[in-house]
Amino acid sequence: MAIKTPLFLTARNLELHFQGQAVWQIPELEWQQGQCIWLQGQNGSGKTSLMKILGGLQKPSKGQVRLNSSSIRPLQACCYLHQQPYMFNTSVRRNLELAAQGKKLESQPGKEAVLAALHWSQLEAQAGQPARTLSGGERQRLALARARLVQPHFWLLDEPTANLDTEAVHKLAQLVSDLKQQGSALLITSHQDNPVTELCNSHWLLNNGRLENKHQETT
């Protein structure tokens with residue numbers, strides 16, 4: 001996953017409108033590899049839309065998101081994960097195999113990469129289980145492991161801890177911490193402070209249609 005030159009996502013004069021009204025206006029934004037950001041805001045403030053726009057899944061009403069690389073498209077560099085990630089209607093192992101097949105894995109053959117992903121996500125015991133029968137926390141870990149096989153540089157995690165119990169949140173935090181240590185950029189939404197948000201070293205707040213950048217130093 002490591003690359004020689006750090007990647008940056010930048011945006012200028014970014015706007016989102018809904019039914020003719022401005023939801024938010026962001027004059028300037030920068031997000032770089034290694035930066036782990038906690039994004040907060042009231043329901044309806046446009047957090048999910050901002051994440052999808054940064055990830056290349058939705059077009060802004062005005063402005064443009066740019067990546068400082070001519071060889072990688074923003075959509076290729078980013079991975080957006082919903083709080084209820086989609087599971088293919090097959091086994092946990094097969095979900096990972098499909099991800100491995102869709103990406104040319106230079107470091108490991110597909111089979112070895114899938115076994116490593118099962119171990120990383122602590123889902124080895126559930127490898128043959130239908131993915132759609134997993135618990136909420138297990139689904140989140142599978143979604144992270146599946147995305148990790150595709151090797152994105154920017155991760156957008158939309159309410160990943162919603163409705164998870166304490167043990168599941170701690171297991172998820174272990175994976176997010178590992179991604180952070182590998183130099184990934186992470187943008188995480190959550191309404192409450194928890195072990196995942198404690199990993200963030202920056203804090204963005206969508207408030208009254210503006211993005212406030214509150215730098216914070218955390219572990």
Side-chain angles (χ1 to χ4, degrees), residues 1-4 6-7 9 31-37 51-52 54-57 67 69 72-88 90-129 131-132 134-162 164 168-190 195-197 199-201:
M1 292 179 64
I3 60 175
K4 294 181 179 179
L7 290 177
L9 276 179
W31 179 27
Q32 60 180 296
Q33 279 188 284
Q35 189 177 14
C36 186
I37 302 168
M51 297 181 90
K52 288 183 176 180
L54 293 177
L57 300 175
L67 181 68
S69 172
I72 306 175
R73 293 186 297 131
L75 188 57
Q76 293 175 319
C78 300
C79 177
Y80 169 81
L81 293 180
H82 191 267
Q83 63 177 286
Q84 296 179 339
Y86 178 82
M87 298 285 107
F88 295 115
T90 184
S91 69
V92 169
R93 180 186 291 106
R94 185 57 181 158
N95 265 260
L96 294 168
E97 288 173 348
L98 290 169
Q101 290 172 4
K103 175 74 175 181
K104 183 180 179 181
L105 299 172
E106 298 177 356
S107 58
Q108 299 182 80
K111 184 176 180 180
E112 291 183 17
V114 168
L115 292 175
L118 285 169
H119 177 73
W120 182 76
S121 58
Q122 303 178 50
L123 291 173
E124 292 166 301
Q126 293 84 7
Q129 182 176 332
R132 293 184 177 178
L134 294 175
S135 68
E138 290 168 343
R139 283 186 174 218
Q140 285 290 350
R141 300 204 307 275
L142 175 56
L144 285 177
R146 193 172 59 186
R148 187 167 175 260
L149 287 169
V150 184
Q151 301 175 326
H153 304 293
F154 295 87
W155 296 71
L156 303 112
L157 310 183
D158 198 352
E159 293 287 346
T161 59
L164 299 189
V169 172
H170 279 283
K171 287 184 177 181
L172 186 66
Q174 291 175 13
L175 304 189
V176 173
S177 177
D178 188 58
L179 293 173
K180 179 183 175 182
Q181 291 174 13
Q182 292 173 15
S184 297
L186 296 120
L187 182 61
I188 301 163
T189 60
S190 176
V196 174
T197 63
L199 296 168
C200 296
N201 48 31

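Reckoned from all heavy atoms, side chains included, excluding hydrogens, waters and symmetry mates.
Nearest heavy atom pair, residue Leu54 against residue Cys78, reads O-SG, 3.8 Å. Closest approach of Leu144 and Leu81 over heavy atoms only: CD2-CD1, 3.6 Å.
Residue Gln122 is tested with Gln174, Arg141, Glu138 for a side chain to side chain donor-acceptor pair (under 3.5 Å); the sole match is Gln174.
In this structure, the separation between CD on Gln140 and OG on Ser121 is 12.5 Å, given to the nearest 0.5 Å. Rounding to the nearest 0.5 Å gives a distance of 7.5 Å between CG of Leu172 and CG of Leu157.
Not counting sequence neighbours, the partners of Arg146 by the side chain to side chain donor-acceptor pair (under 3.5 Å) test are Asn95.
By the 4.5 Å heavy-atom criterion applied to side chains, Asp158 and Tyr80 are counted as neighbours. Within the 4.5 Å cutoff, the side chain of Arg132 has heavy atoms near those of the Arg139 side chain.
The neighbour count for Arg93 CZ, taken as heavy atoms of other residues, nucleotides or ligands under 6.0 Å away, does not exceed 12. In this structure, Gln32 places its CD atom where more than 12 heavy-atom neighbours from other residues, nucleotides or ligands lie under 6.0 Å away.
Under a 3.5 Å cut-off, the side chain of Gln33 and the backbone N or O of Leu7 do form a donor-acceptor pair. Proximity of a side-chain donor or acceptor of Lys180 to a complementary backbone N or O of Leu199 within less than 3.5 Å is detected.
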